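Everything quoted here is computed from the prediction, not taken from an experiment. Each chain gets a letter, A, B and so on, in the order the sequences are listed, and its residues count up from 1.
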Amino acid sequence: MDAYERITRNATEVVTESEGRELAEDPEGKRAYVGYEPSGVLHIGHMLTATKLIDLQEAGFEVTVLLADVHAYLNDKGTFEEIRETAERMKAQFLAYGLDEERTEFVYGSEFQFDREYVLDLHALELETTLSRAERAMAEIKSGDSVRVSQAVYPLMQALDIVYLDVDLAVGGMEQRKVHMLARDTLPGIGEASPTCLHTPLIADLDTGVGKMSASEGVSISMEDSTADIERKVNDAFCPPTRDPDPDDEGRERENPVLQIFEYHVFPRYDTVVVERPDEYGGDLTYTDYESLAADLDAGALHPADAKGALATYLDELIAPGRAKLRDAISDA
RNA sequence: CCGCCCUUAGCUCAGACUGGUAGAGCAGCCGACUGUAGAUCGGCUUGCCCCCCGUUCAAAUCGGGGAGGGCGGACCA
């Protein structure tokens with residue numbers, strides 16, 4: 001696998017492709033970052049970007065994880081004290097998941113976002129940005145139903161973080177797309193370069209296949225789930241026998257979340273996937289790539305119930321080490 | 001600062017005028033049917049009716065006070 005392929009695999013888009021190729025020419029020592037609003041548990045959405053960070057490290061990048069405590073505060077997630085606590089918990093979860101502590105720099109936003117120079121640059125960016133643009137950028141991120149001034153400042157700080165953390169590549173889920181585009185448009189206005197951005201897909205809501213899985217509502221799979229939790233959640237998941245489900249009654253597009261998890265979480269880390277199947281249905285199946293599994297499901301050669309059984313097994317295996325580390329950390333404390 | 005509107009189930013809201021301690025849809029949960037889920041049937045659960053004070057035999061409903069949220073205030077007129 002060449003560097004560009006490693007950097008962009010499982011990503012929905014690189015903005016722009018030519019900038020991405022330029023980074024891939026000499027990735028050694030290049031810097032990438034993802035910012036996370038601290039939430040107590042690491043769910044498989046977070047794991048998707050975390051896995052991407054591991055890809056980048058393997059390609060030679062230096063990786064920074066921003067624990068965005070100030071952002072969480074601006075987005076009404078609690079007091080600084082409460083946020084600090086969940087941020088520390090989240091850091092522990094990332095380490096348990098498998099980010100290498102030696103090679104990953106964890107930075108709290110509050111460490112540099114109150115510096116005079118940062119704040120002055122922030123005000124300059126505020127001057128570059130209309131309220132409606134900032135609001136649109138926040139559409140996928142904001143909490144609460146009424147927009148606060150703080151939430152308009154939020155995306156501008158993300159733009160500045162890219163400058164102050166001195167990164168060459170900003171990584172995030174597709175919900176970050178508008179924020180990153182805002183950064184690309186406004187940073188030149190204060191004399192800074194437009195950042196290159198890499199966006200990972202969003203896994204659809206497990207129950208319905210609509211929209212994106214969310215930690216705050218609906219079902220999400222996290223590192224704190226037991227084997228039984230995972231079996232239950234996977235079994236309850238929306239999974240029609242097709243890779244391209246029809247829209248729901250309200251005309252909203254639907255994805256097949258079971259296939260998505262196979263594609264984005266299982267196959268990137270397993271060379272072969274064995275689907276155990278009772279003899280009465282034809283016995284075990286073995287796959288070495290996502291495409292053939294998806295094609296079998298689509299063709300009716302693989303029943304969703306069997307796919308779910310395999311998914312639960314592999315997901316559980318993926319989560320087990322982190323789950324064990326977390327358990328040890330808790331019993332140590 | 002001033003004015004108008006809103007606050008009832010997890011969500012969207014009805015009920016308020018004509019007081020008698022609450023309803024619908026959706027969601028959720030359970031069951032049937034599917035070798036998964038969904039869809040479709042069948043069943044079930046859910047409430048400090050924003051808070052306080054008052055009137056009353058009786059207040060979601062009437063009166064007063066307060067809180068939270070939304071919208072508005074110039075000019076054109």
Worksheet item: Using purine N1 to pyrimidine N3 plus N6-O4 or O6-N4 for Watson-Crick, or N1-O2 and O6-N3 for G-U wobble, each under 3.5 Å, what pairs with B:C17?
Response: none
Worksheet item: To the nearest angstrom, how far is A:E231 atom CD from B:U36 atom C1'?
Response: 14 Å
Worksheet item: Using purine N1 to pyrimidine N3 plus N6-O4 or O6-N4 for Watson-Crick, or N1-O2 and O6-N3 for G-U wobble, each under 3.5 Å, what pairs with B:C48?
Response: none
Worksheet entry | Gap in Å between the two P atoms, one belonging to B:G68 and one to B:A60, rounded | 24 Å
Worksheet item: What is the nucleic acid contact for A:P241, judged by heavy atoms within less than 4.0 Å: base, sugar-phosphate only, or nothing?
Response: base
Item to complete: Using ring-ring contact (aromatic ring centres under 6.0 Å, His included) as the criterion, list what pairs up with A:Y73, not counting sequence neighbours.
Response: A:F80
Between protein and nucleotides 33-35 of chain B, what N or O pairs are separated by less than 3.5 Å?
unit_1 : atom_1 : unit_2 : atom_2 : d
B:G35  : O6     : A:D306 : OD2    : 3.4
B:G35  : N1     : A:D306 : OD1    : 3.3
B:G35  : N1     : A:D306 : OD2    : 2.7
B:G35  : N2     : A:D306 : OD1    : 2.5

Worksheet item: Can A:I7 and A:F61 be said to form a side chain to side chain contact (heavy atoms under 4.5 Å, CB included), step by step?
Response: CA-CA 10 Å; A:I7 290 167; A:F61 274 74; 3.7 Å; yes
Worksheet item: Rounded to the nearest Å, what distance is computed from the CZ atom of residue A:R232 to the C1' atom of nucleotide B:C29?
Response: 13 Å
Fill in: Distance-only donor-acceptor check, side chains A:Q93 and A:S222, under 3.5 Å
no
Worksheet item: Between B:C4 and B:G19, how far is it from one P atom to the other, in whole Å?
Response: 25 Å
Worksheet entry | Pair A:R89 + A:E224, salt bridge at N-O below 4.0 Å | yes
Discussion item. Say we look at B:C2 and B:A9: how far apart would their C1' atoms be, to the nearest angstrom?
Written reply: 36 Å
Worksheet item: How far, in whole Å, is B:C48 from B:U7 if one measures between their C1' atoms?
Response: 15 Å
Practice prompt. Give the rounded distance in Å between these two atoms: CG of A:D236 and C1' of B:A39.
Written response: 16 Å
Worksheet, complete the sentence: Taking a pair to mean Watson-Crick or G-U wobble geometry with both distances below 3.5 Å, B:U36 pairs with none
Item to complete: Find the distance A:L297:CG to B:A37:P and express it as a whole number of Å.
Response: 15 Å
Worksheet item: Which base sits across from B:G10 as a Watson-Crick or G-U pair, both distances under 3.5 Å?
Response: B:C26
Item to complete: Considering only atom P, compute the distance from B:A67 to B:G28 and round it to an integer number of Å.
Response: 38 Å
Worksheet item: Just one of A:R184, A:E19, A:E22, A:K30 clears the side-chain hydrogen bond (donor to acceptor under 3.5 Å, both in side chains) bar with A:T196, so which one?
Response: A:E19
Worksheet item: If we take the P atom in both B:U55 and B:G25, what is their distance in whole Å?
Response: 40 Å
Fill in: C1' gap between B:A27 and B:G64, integer Å
38 Å
Response to the item:
Pairing partner of B:C62, by Watson-Crick or G-U wobble and under 3.5 Å for both distances, is B:G54
Worksheet entry | Mate of B:C71 where both pairing distances stay under 3.5 Å, Watson-Crick or G-U | B:G3
Worksheet item: CG of A:N256 versus P of B:A39: gap in Å, rounded?
Response: 15 Å
Worksheet item: What interatomic distance, in whole Å, is found between C1' of B:A16 and the corresponding atom of B:C62?
Response: 10 Å
Worksheet item: Do A:Y97 and A:T51 get their side chains close enough for a donor-acceptor pair, meaning under 3.5 Å?
Response: yes
Fill in: Between B:G38 (P) and A:D207 (CG): distance, integer Å
8 Å
Worksheet item: Distance-only, no hydrogens or angles: does the A:Q260 side chain make a donor-acceptor pair with backbone N or O of A:A204 under 3.5 Å?
Response: yes
Worksheet item: Taking CZ from A:F238 and P from B:A39, how many angstroms apart are they, rounded to a whole number?
Response: 9 Å
Item to complete: Measure from CG on A:D205 to P on B:G28 and round the result to the nearest Å.
Response: 10 Å
Item to complete: Step through the shown structure and confirm whether more than 12 heavy atoms of other residues, nucleotides or ligands are within 6.0 Å of CG on A:L131.
Response: no
